[in-house]
Amino acid sequence: MTSTLATFLSLAVDGIAYGMMLFLISVGLTITLGVMRVVNLTHSAFAMIGGYIALWFIQRAGVHFFLAVPLAVLATMAIGALLERTLYRWVYGTHGLGQLLMTIGLTFIITAIVKNLAGTQLQSLPLPSSLQGNFSLGSLTLSVYRAFLIGASAAVAFALWLGIERTAFGARLRAAVDNQRMARCVGINVPAVFSVTFAIGCGLAALGGALGSPMLPLEPYYGLKYLVIVLIVVAVGGLGSLRGSLYAALLLGLIDTLGRYYLPALGAFVIYLAVLAILLVRPRGLVAN
Amino acid sequence: MTERVLELRDLCAGYGETVVLEDVSLHVDAGEALALLGRNGVGKTTLLTTLLGLNTVHGGSVRYVGQDIAAWPAHVRARKGLGLVPQEREIFPSLTVQENLTVAATAGTWTLERVYELFPRLAQRRRNLGYQLSGGEQQMLAIGRALIGNPRVLLLDEPFEGLAPVIVDALVEAFGKLREGGALSIVLVEQHAELALDLTERAVVLDRGRIVWQGASPDLRGDPERLASLIGLEEVQ
Amino acid sequence: MTTPSLNSSVARAFSRHRYNLLDLVLLGAAVATFFLADLYLALATAVLIMIVFALSLDIAQGYGGIETLGHAAFFGTGAYAAGLYAMHVSSEPISGLFVGMAAAAVVGLLSGLAVLRTAGLTQIMLTLVCATLLLELANVAKPLTMGDDGLTGYSIAPVLGLFQFDIEGRTAYWYALAVLVLVYVFCKFLVSSPLGLTAQGVRENPTRMALLGVPVRRRLLTLYAISAALGGAAGALSAQVNNIVGLDSLGFTMSANVLVMLALGGTGRLYGAFLGAIVFMLLADRAAALDPTNWLAALGVLLIVVVRFAPTGLSGCLARWTSRGGAQ
Amino acid sequence: AEIKVGLLSQFSGAYTWWGREYQRGVDLYLAQHGGKFGEHTVTVLSRDEAGSNPQRARQLSQELVVRDKVQYLIGGVFTPTVLGAVDVINQTKTPYVILNSGTSSVTDKSQYYVRAGFTQWTVSIPLVQWAYDQGMKNAVILAADYAPGHDALQAFGQTFTKLGGKVVGEIKVPMGTTDFSSYLQRVRDLKPQAVFMFMPVGPMSAGMIRSFKERELDKAGITLLVTNEAQEEDIAPIGDAALGLTSALHYSPYLDTPLNKEFVTAYKAKYGKDELPSVASVAAYDGMRLIDQMVRATNGAKDGDKAMAAIKGYKWDSPRGPVSIDPRTREIVQNVYMRKVEKIDGKLGNKVFHTYPAVKDPWHEINK
Amino acid sequence: MSNPPLQLVGLCKQYGALSVTRDVNLTLEAGARHALIGPNGAGKSTLVHQITGVIRPNAGKVLLEGRDVTAMPAEKRVKLGLARTFQINSLFNHLTVAENIGLALSAHRGLDGRIGRPLPARPAFVQEAVECLRELGLLDLAGKRVSELAYGQRRQIEIALALALKPRVLLLDEPVAGVPSTEGKRLFELLERLPQDVAVLVIEHDMSLVFRFARRITVLVEGAVLLEGGVDEVRTDPRVRDVYLGKRGHHD
Ligand SMILES: Nc1ncnc2c1ncn2[C@@H]1O[C@H](COP(=O)(O)OP(=O)(O)OP(=O)(O)O)[C@@H](O)[C@H]1O
Ligand SMILES: Nc1ncnc2c1ncn2[C@@H]1O[C@H](COP(=O)(O)OP(=O)(O)OP(=O)(O)O)[C@@H](O)[C@H]1O
Ligand SMILES: [Mg+2]
Ligand SMILES: [Mg+2]
């Protein structure tokens, strides 16, 4: 009896940790796709770039993990801002398909570059000793890394919620997205707002890519491989809703982990059936705007 | 000697390669109100949006308080005092009423409180999202949003459309007070020519992108035949 | 002004899909390919099949505004249905083609019930989910589909009892070309028909369409099922020509590729399906042969260049170019 | 005469590693033979299968054979891509040297298939045997939910049961799984002595091995046993969590034979000192040797039947040890090694500690 | 048939705590020329949305010729002869003017689902489209895309779409806002000339037009009917003057 309860609890914790990681890599897309309405299929590629840069700092420059990750985030933000100023700027005005084409093209190019620079083998950030090992709470063992992941994601979620939904910047951003022309007419510097926002989205991706790499190891095809799951989180959460993404990521993480244990026969169906059900009941996502 | 706030010389402008406005020259002085009249599709809206830098300029110049503003992006023009009330209102649908106002706010005499005072209806609806507003409420919000940017020139594109008569009265009164100090100039596009002429000192009539008449508003108001021939009014009481 | 000329000027104000020089050029190119580049028939046949598939996507996406990242569901269904039909029922190809189309249409109708309730990203994700579920189903139904190994071991009888499928791929080419021509003629007819205009209206403004008295969902469902059937035709062709059906025919890559092809060519024009599929497939083939490891980067650059300089796709670019030429 | 060989592999996409390794093995063999088999110059045309896409594989093989006039095909990464060519090779009598697809039944589909790689059964059975001999009497089988995984389930399960062991659980992991917590929880609850695992090499296998260690299942007395997933290239990113991992495979670059040392040296000389050959490059290398043999036997003429006859029963010494082609099944007969991951010269590598000599593909034996 | 073309019985609509329509009863007789006026945000457009099925009321009934259509989807109500215009233009912006009208006409004739001869190849259909465009003076614009038109021109297409459906009940939400006063008058004359059995309900803030056109007027305030009556009754009512007309409203 107690063992089944313990099993359930430890699965639940795993599901939460997994969900939090999903949140971390997809929340940036909630901002670029959900809020800015850019069909940014390059999102996971930015996560990968972040991961590789952090790896480079740790392995080649000997920087400590806790410094390497923020550095990688900043570097990815810079790359993102640069690309936003050049490539993305072209496609804001175009229809969704143009954006899709451009960003998928960009993903291909990034993939090829990474393949040539870093090779095809899998890599992941070596965790510092402080994040290794397990600790136990009663009969429950929890890995330090997963606990850290949960904490970090929660902090990010809170900071973002404050930033987007509670500041003037957030309102300006939403105005610019709603109606660029009119936003300019009320004195909003639309290009600057977009650049900053896009860079933030990229930085979040990088954070997710770096911190999540023990679960989703880095490889050149990362950008394509983990695109769908990230899109699913954003869609299920509801376009542009940070809260929604958080709920969606947690829910999917839990359903996935529990489903695999309790409904093994359904295998890969579980998550897709769940998505189907959620979207049919709530076509605009968990938290619809 | 009053200050020349806006001055257009031989302005040609349009959408991409299509030229809509041709050789438009006009000026607006501080504290002055100018009516812009003409049939549907003659280019009134185009003139206002060109002032904010939203269209393609093919020739001529626009000077604002003495400076050539050709190179200014739209948001700078807005920050420096050009406030537009667009014809289709263009409320930000996913912002609340209050946010619609605060994103446009700059320091000045117009504050959130004063806008709410002018339009009590907006105060009631302050938490509603933009797309949930009634047509007239959107119109009020569009005007409020322009005012709260504390402009020097208010560009009004059919601001009374969809407003209840009482509200129109209140607005007319408010505009009158606003201009008293000479701090605000107004360019008013309005389909009801008589109303527009009553409210302004001077008027410009456009036809197919060109200015066909320019002069004092009372002159035109008092000359129904000319008005009819200029903008196609058949009968004027 | 007399009434007839008035009437014809109003009739002209409707955009029409007439046959023009480009159709002749395309047909000529298709025939010439057979005689001049007969060593490339396998590739050419694959291109023809992808054009059919891209046309089917254009009907749904370009005309109906249905956003989908799961169109492979129809390709795969058509392919498996045709393959299974050949294996268990009859190896006659033309009836097999119709079986593939019918099966895909059924899948289109069923998934359409779910997919068409939504819009935007949700719609995209639902199409993706439907396709993925089908893929998993095909994977699980291993006794029937042979799962990951691919459905093999069936053969296809001569077309019309006359033309045997040969290893050089001559019959396959003519067969695919004939199907493409028929599908294309049908698509042209479809998009000019009242339903075609209705679809565009729905794409532009579904609310207003409903308030004109049009049962929006039903019309879209019809369109979606037609699109699905055409996608099924592409899949069935592929199954018959290649004698093998893999799980990838239901896969994400298939859906994504055809979407990229259509976007590359330009949506809502039909020609986009031709240009996009031809350019994409040829580039993929040539670049992949020249530098297999880096061809993806070349494709990426091409996509970005197209978005930058031909934002409405290659066919949009072409249309602008020819209309400018015509104006002078 | 000029002999053309078509190499089919993954040169783009997530499985590019295979393309690279095949190409290296092929090039190395050619370079060592001056680009000639007998007096025949050999040209290799490489084509990208681009994923597990049988339609494309069929199209490519057709083009290679019909248009480019290749006499031999070599390569193939996935079973569907290998099978995609079956019509073409049957109709044109073109020998196809299979380098990877691990499904045993493939060689039954055409008499022009010959295998230079290995089958899952060949390596699974020694692994199970070894575990049983070590006293592991109950086991869980954990396999990815796709065709090769199902094969592995069967291979592990049948053998283990026949030996007298007890399979206490079979777990199918959906493809693309990245979080293994629920599966490992299940393993923990089932308390087996051994876990036989089969997964596509990549994020899945790496994630699984790492999580196994992270959740300290090894400390709970459970031994993780794998076949293909412990290759040097793949355990590097797993890091020290891979230490001690036991596997059965037909090759290790650290195999201590003179021929292998020579091979590794040549490989490093050509491709860089940090590079190591793998099962894929060895398979390609040996595959070229088979083609060499076929070319000589037919004196460069296109004669598929004669070529195939020439390699049935053919024996040679490969870097992986003595090997031969079973004349009946056209499967390769080879040693299978038990290996353990250790730190060798500061890097993780597989040390061979036991050899099962001349293992024939058991599936064909069972399904005779 | 003695049933009135349109009857609203106790319609209520709430958004959260906000009551937008409160127990509205309204009857349009055959041939009615009825105006709905009221302050901004009174709930006039919301009422039209409820009648046409764009939104569902929380309580109350909508009857079309005596038939309860409250639960009927919008497109079926249109088939029963109900048409409307939108206060904020709702057109097919990337299609031409002719195609916009064509959509309405084909829907009305039940052609919209056909896979058959294209619309412009059907002479009778084209003839009808021409007449429809001519009536509203839009013939010259037939080949232009709506997105290239000036606002006032779009307003007229908005009306044309509704008229093309040959409705028996026509709901017009500020049809001539943004149209010059002369054009506005012309459009209203056109409406007056509609067949006598067509019931028209119009929302309009231009009182000179309303008082000339309407035979009955309903005044809506804060979602509830304040008053219904003839033109003179309404224009002289002090309450209406206070909340709505103001001092200028009645001088016409
Ligand atoms: N985006 C556009 N692209 C091309 N032409 C346009 C565009 N917008 C407007 N036009 C054209 O420019 C001309 C002037 O339009 P504008 O909107 O300025 O007229 P207006 O005087 O404001 O009319 P209204 O009184 O109806 O608002 C019209 O003939 C119109 O067709
Ligand atoms: N979705 C919604 N959520 C909340 N409130 C809404 C919503 N839609 C409309 N409202 C409110 O309902 C009220 C009535 O709106 P409606 O559009 O019916 O007014 P109206 O009488 O047509 O006004 P106008 O003359 O300004 O067009 C408005 O105050 C509006 O803010
Ligand atoms: Mg205008
Ligand atoms: Mg209204």
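Below, read A as the first sequence line, B as the second, and so on, with proteins coming before strands; counting in each chain starts at 1.
- Contacts of C:Gln123 with chain A are absent, with no heavy-atom separation under 4.5 Å from either backbone or side chain.
- In this structure a side-chain-to-backbone donor-acceptor pair under 3.5 Å is present from C:Thr122 to A:Pro283.
- Taken from CD1 in A:Ile232 to CD1 in C:Ile124, the straight-line distance is 12.5 Å, to the nearest 0.5 Å.
- Residue C:Leu262 does not touch chain A at all, counting heavy-atom pairs closer than 4.5 Å.
- Heavy atoms of C:Leu133 lying under 4.5 Å from chain A belong to its backbone as well as its side chain.
- Going from atom CG of C:Leu121 over to atom CG of A:Leu279 covers 8.5 Å, rounded to the nearest 0.5 Å.
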Worked check of side chain to side chain contact (heavy atoms under 4.5 Å, CB included) between A:Tyr272 and C:Leu128: CA-CA 9 Å; A:Tyr272 287 101; C:Leu128 181 73; 5.6 Å; no
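- For the set A:Asn116, A:Thr111, A:Val91, the entry with the most heavy-atom pairs within less than 4.5 Å of chain C is A:Asn116.
- Heavy-atom neighbours of C:Arg218 CZ from other residues, nucleotides or ligands within 6.0 Å: at or below the threshold of 12.
- At least one side-chain heavy atom of A:Ile109 sits less than 4.5 Å from a side-chain heavy atom of C:Val301.
- Going from atom CE of C:Met261 over to atom CG of A:Leu101 covers 12.0 Å, rounded to the nearest 0.5 Å.
- The minimum heavy-atom distance linking C:Leu303 with A:Phe108 is given by the pair CD1-CE1, 4.2 Å.
- Two residues are said to be in side-chain contact when any heavy atoms from C-beta on lie closer than 4.5 Å; A:Leu280 and C:Leu126 meet this criterion.
- Annotation: side chain of A:Trp90 is in contact with side chain of C:Ile304 (closest heavy-atom distance under 4.5 Å).
- Residues A:Leu97 and C:Gln61 have side chains in contact (heavy-atom distance under 4.5 Å, counting atoms from C-beta outward).
- Interface residue A:Leu87: only side-chain heavy atoms are found under 4.5 Å from chain C.
- At a 4.5 Å heavy-atom cutoff, the contact between C:Val140 and chain A is made by side-chain atoms alone.
- Only the side chain of A:Leu100 comes within less than 4.5 Å of a heavy atom in chain C; its backbone stays farther off.
- With a 4.5 angstrom heavy-atom cutoff, A:Val228 touches chain C via backbone and side-chain atoms both.
- A:Leu231 has its side chain within reach of C:Met125: a pair of non-hydrogen atoms, C-beta onward, lies under 4.5 Å apart.
- Interface check for chain A: of the options C:Leu299, C:Thr132, C:Leu264, the most heavy-atom pairs under 4.5 Å are formed by C:Thr132.
- By the 4.5 Å heavy-atom criterion applied to side chains, C:Leu296 and A:Tyr221 are counted as neighbours.
- Proximity to chain C is absent for every atom of A:Ile113, based on heavy atoms less than 4.5 angstrom apart.
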